[in-house]
2 protein chains.
Amino acid sequence: MRDHSVTRLPSRPPRSLTLANSMRDAAFSALADPTRRAVLDLLRGGVRPSGDIARQFPVSRPAISKHLRILRRAHLVEERRQGRHRLYRLNPEPLKSVDSWLEHYRNFWTASLSNLKSFVEDEYAKEMLSKPESKEK
Amino acid sequence: MRDHSVTRLPSRPPRSLTLANSMRDAAFSALADPTRRAVLDLLRGGVRPSGDIARQFPVSRPAISKHLRILRRAHLVEERRQGRHRLYRLNPEPLKSVDSWLEHYRNFWTASLSNLKSFVEDEYAKEMLSKPESKEK
DNA sequence: ATATTATGTAACCATACAGTTACATAATAT
DNA sequence: ATATTATGTAACTGTATGGTTACATAATAT
């Protein structure tokens, strides 16, 4: 058991950020599954009824139905009824927040990596030497 | 149990793509966890020994150790020993493949969404009417 | 009215995973 | 040599997830 009653700031970020992050969390975890990403890829081609989607994959229709539910929960797709179909449409919105997370990393592969590496290592070396590392307990 | 012996083309993409995708899969699934993303965020600030990393989070050190293993597996971090420390360094490389996946979606939020929506829906309407939908089984 | 089609959900199963505590090991400090 | 520190891993637990089959329901076709 760790003593977190003493943990300072990091434990509770401002509410607004929390909400934004939960959006991002949902998106990231929805994207973790290859099938779901493939569903989105498919939906890039246009609106599709769920059965139509299911037929493209080597898994059962209920499996796809569940994937769709997860995508819905993450707001990555929207559902609209039409007759006995449920049409699914891609909603790219939440991908923006994925993109914005990635944004911070883009420099890293834009800049010369090897330079960056040694720079960062040197930084750490300095840090290690200077820091008394008295921070907890 | 479904009969996959009969499944046609979609089941086996060219080997080269498979490899690339498994990289991407590993990256995406590693990123699914908020703690792991936070670890990467931390590592953006420079190389860190694992204990140092663990101390930043409200979970046990072994938990972080496991996260690090997953990040390692996805090649998102690299480990280097130094004395009794294991230094972890961010490796942004696999994020490129995440980025390249996102790339296909960027148009969607760049262009006017509402226009795109109605366009896509119309496309589908056309499709639905024309397509005999005789494709399987 | 009855059958068929499109779809979602419940119930179940196996596996993965995030977390924990306890233990093992290697490097440093005393 | 012995204690301490930094770290990983094993064993265990609870929960989520991806898959399945079976069932329920609503809309359309006959």
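Quick note on labels: first sequence line is chain A, next is B, and so on, each numbered from 1. Hydrogens, waters and symmetry mates are skipped; everything else that's a heavy atom, side chains included, is used.
Base pairing in DNA chain C yields stems of at least 3 consecutive Watson-Crick or G-U pairs, both distances under 3.5 Å, namely C:1-30 with D:1-30.
Legend: residues meeting side chain to side chain contact (heavy atoms under 4.5 Å, CB included) with B/His104, ordered by chain and number and at least two apart, are A/Arg44. Listed by chain and residue number, A/Glu79 satisfy the salt bridge (charged side-chain N to carboxylate O under 4.0 Å, His left out) test with A/Arg86 (two or more places apart in sequence, or in another chain). With sequence neighbours excluded, the residues that form a side chain to side chain donor-acceptor pair (under 3.5 Å) with A/Asp33 are A/Thr35. A/Arg84 is linked by a side chain to side chain contact (heavy atoms under 4.5 Å, CB included) to nothing, counting only residues two or more places apart in sequence or in another chain. Qualifying salt bridge (charged side-chain N to carboxylate O under 4.0 Å, His left out) partners for B/Asp25, counting only residues two or more places apart in sequence or in other chains: A/Arg37. Under the rule for a side chain to side chain contact (heavy atoms under 4.5 Å, CB included), the partners of A/Ala26 that lie at least two apart in sequence or sit in another chain are A/Ala74. For A/Ser50, the side chain to side chain contact (heavy atoms under 4.5 Å, CB included) partners at least two apart in sequence or on another chain are A/Leu68, A/Tyr88.
Atom P of nucleotide D/dG18 and atom CZ of A/Arg37 are separated by 12 Å, given to the nearest angstrom. Note: CD1 (B/Ile64) to P (D/dA6) measures 16 Å, nearest angstrom. Remark: C1' of C/dA18 and CG of A/Asp25 are 14 Å apart, rounded to the nearest angstrom. The nearest whole Å value for the distance from the CZ atom in B/Arg80 to the C1' atom in C/dA27 is 17 Å. Atom CZ of B/Arg81 is separated from atom C1' of D/dA6 by 12 Å (rounded to the nearest Å).
Side-chain nitrogen and oxygen atoms of B/Ser60 include at least one within less than 4.0 Å of the OP1 or OP2 phosphate oxygen of C/dT20.
Salt bridge absent: B/Asp99 and B/Lys96 never bring a charged side-chain N and a carboxylate O closer than 4.0 Å.
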Discussion item. I'd like to compare against my own output: the B/S/- annotation of nucleotides 7-17 of chain D with a strict under-4.0 Å heavy-atom distance to protein.
Written reply: BBB--------

